[in-house]
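Notes for the one structure printed next.
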Amino acid sequence: MSLPPNCKPDQLNIGLMGGTFDPIHIGHLVTAEEARQQFSLDYVIFIPAGLPPHKESKQVTPARHRYLMTTLAVMSNPSFIVSRVEVDKKEPTYTIDTIRYFESRGAPGANLYFITGADAIMEILTWKDYSALIGLCTFIAVSRPEYPLDRLGEITANLYPELTSKIHLLEIPALAISSTFIRKRVALGKTIKYLTPEPVEQYIKKHGLYKK
Ligand code: ATP
Ligand code: MG
């Protein structure tokens with residue numbers, strides 16, 4: 001990924017959205033778009049995981065497919081960019097390494113916002129160097145249907161009272177959609193139309209992904 005020419009990263013607000021994106025779906029896109037508007041982000045950079053440390057044991061679709069599907073999904077939005085920084089790494093990548101990359105080389109001087117679902121923020125204490133991570137960026141923790149905003153607020157305030165100024169909560173129109181749900185539907189031969197952008201749906205079909 002590269003930021004457009006003539007743009008000065010030190011004047012930008014940039015959202016970073018990490019995920020397995022196996023596959024990307026409208027829940028991710030609605031989340032990124034809501035964060036873009038609410039936090040006046042100039043760009044949201046989607047970062048498909050290479051070998052996610054937390055999902056190592058599970059079967060994950062090869063990174064090239066997940067990267068291409070993410071690229072297809074964001075094509076129509078000029079504020080959305082996809083980064084290869086994690087998919088190009090051989091070893092599992094930790095969020096802290098990715099944020100450090102954007103802080104030092106990818107977007108030096110920019111205000112970085114890490115956008116994460118409620119479920120993922122709960123795992124933050126298990127992440128490598130989480131305290132360093134908090135020092136480098138602001139978190140936008142978004143609601144998911146099983147984690148409505150009030151519950152999310154309570155949990156984060158209890159778990160991390162010292163971090164409340166670094167974790168912003170954002171309500172997302174409830175979309176009970178997950179990649180797991182989409183994979184299961186494909187395996188059952190059920191339609192996934194409108195759950196993911198059409199080019200992604202076509203890509204899944206063409207490459208026979210997620211079939212039993
Ligand atoms: P899986 O079911 O495979 O775990 P997922 O739908 O949770 O997939 P991920 O790639 O794991 O997707 O998630 C990337 C990020 O997007 C995470 O921070 C996750 O919490 C968030 N996210 C995923 N789906 C939604 C949704 N429907 N609404 C809000 N946030 C979401
Ligand atoms: Mg998930």
Side-chain angles (χ1 to χ4, degrees), residues 1-4 14-36 41 43-95 97-99 101-102 106 113-120 140 142 144-145 172-212:
M1 84 91 207
S2 55
L3 291 167
I14 293 186
L16 303 174
M17 181 141 180
T20 317
F21 302 128
D22 192 13
I24 189 163
H25 53 71
I26 57 166
H28 299 128
L29 296 165
V30 169
T31 297
E33 177 62 7
E34 191 66 15
R36 183 194 66 73
L41 304 179
Y43 296 99
V44 175
I45 302 176
F46 290 75
I47 312 161
L51 283 176
H54 302 290
K55 291 195 176 175
E56 256 171 320
S57 51
K58 294 189 203 156
Q59 200 77 25
V60 176
T61 304
R64 67 175 194 286
H65 287 312
R66 293 183 290 106
Y67 172 79
L68 281 173
M69 289 190 283
T70 308
T71 304
L72 289 171
V74 306
M75 243 170 12
S76 60
N77 190 330
S79 302
F80 289 179
I81 295 172
V82 188
S83 168
R84 294 193 60 90
V85 66
E86 292 196 6
V87 296
D88 284 341
K89 290 219 171 122
K90 297 258 180 324
E91 67 283 6
T93 323
Y94 290 91
T95 303
D97 302 324
T98 301
I99 307 257
Y101 163 80
F102 283 102
Y113 292 81
F114 194 79
I115 306 165
T116 162
D119 54 322
I140 302 175
V142 309
R144 289 187 78 164
I172 301 297
L175 282 172
I177 298 173
S178 68
S179 303
T180 305
F181 178 66
I182 293 187
R183 292 193 301 272
K184 280 189 185 150
R185 287 186 68 93
V186 175
L188 293 170
K190 289 189 172 174
T191 175
I192 56 164
K193 207 173 186 52
Y194 309 125
L195 296 175
T196 187
E198 191 164 351
V200 177
E201 185 199 341
Q202 297 302 337
Y203 188 98
I204 291 170
K205 230 181 243 166
K206 182 169 171 209
H207 294 272
L209 303 182
Y210 312 126
K211 283 192 174 157
K212 272 252 165 70

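Given the structure is predicted, the values throughout are model-derived calculations rather than measurements.
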Could you tell me which non-hydrogen atom of A49 sits nearest to which non-hydrogen atom of V87, and how far apart they are?
O-CG1, 4.0 Å
Measure the spacing between CZ of F46 and OG1 of T71 and express it to the nearest 0.5 Å.
10.5 Å
What one should report as the nearest heavy-atom pair of P197 and L29 is CG-CD1, 3.5 Å
Test item: T93 and T98 side chains (from C-beta on) under 4.5 Å apart, heavy atoms:
yes
Nearest 0.5 Å please: distance from the CG atom of L68 over to the CD1 atom of I24.
12.0 Å
In sequence, state the C-alpha distance, the side-chain angles, and the governing distance for T31 and E34, and then conclude on side-chain contact (heavy atoms from CB on, under 4.5 Å).
CA-CA 5 Å; T31 297; E34 191 66 15; 5.9 Å; no
S79 and R36 have their tightest heavy-atom pair at CB-CD, 3.6 Å
Does M75 form a side-chain contact (heavy atoms from CB on, under 4.5 Å) with F80? I'd like the steps, not just the answer.
CA-CA 8 Å; M75 243 170 12; F80 289 179; over 6 Å; no
What distance do K211 atom NZ and L188 atom CG have between them, rounded to the nearest 0.5 Å?
13.5 Å
Working to the nearest 0.5 angstrom, can you tell me the gap between F102 CZ and F114 CZ?
10.0 Å
Restricting to side chain to side chain contact (heavy atoms under 4.5 Å, CB included), what partner residues turn up for T180, sequence neighbours left out?
S178, R183, K184
P23 versus I182: any side-chain heavy-atom pair under 4.5 Å?
yes
Is there a donor-acceptor pair under 3.5 Å between the side chain of H28 and the backbone N or O of H25?
yes
Among all residues two or more places apart in sequence or in another chain, which pass the side chain to side chain donor-acceptor pair (under 3.5 Å) test with E201?
none
Value for CD (Q202) from NE2 (H207), rounded to nearest 0.5 Å, stands at 11.0 Å
Could you measure the distance from the CD atom of E86 to the NZ atom of K89? Nearest 0.5 Å is fine.
7.0 Å
Scanning both residues in full, the closest heavy-atom pair of Y203 with R64 reads OH-O, 4.4 Å
For a side-chain contact (heavy atoms from CB on, under 4.5 Å) check, start with the C-alpha distance between M69 and L209, then their side-chain angles and the critical distance, and finish with the verdict.
CA-CA 11 Å; M69 289 190 283; L209 303 182; 3.8 Å; yes
Side chains of V44 and I81 in contact at under 4.5 Å (non-hydrogen atoms)
no
Do I45 and V82 have side chains that get closer than 4.5 Å, going by heavy atoms?
no
Walk me through whether R144 and I172 qualify under side-chain contact (heavy atoms from CB on, under 4.5 Å).
CA-CA 7 Å; R144 289 187 78 164; I172 301 297; over 6 Å; no
With a 4.5 Å heavy-atom cut-off, do I14 and L41 have their side chains touching?
no
Do I26 and I177 have side-chain heavy atoms sitting under 4.5 Å apart?
yes
Is there a donor-acceptor pair closer than 3.5 Å between any side-chain N or O of R66 and the backbone N or O of P48?
no
Would you check if there is a donor-acceptor pair between the side chains of T61 and D22 at a distance under 3.5 Å?
yes
Quick one: does F21's side chain get under 4.5 Å of I47's, heavy atoms only?
no
I'd like to check S179 versus T20 (side-chain heavy atoms, cut-off strictly below 4.5 Å). Are they in contact?
no
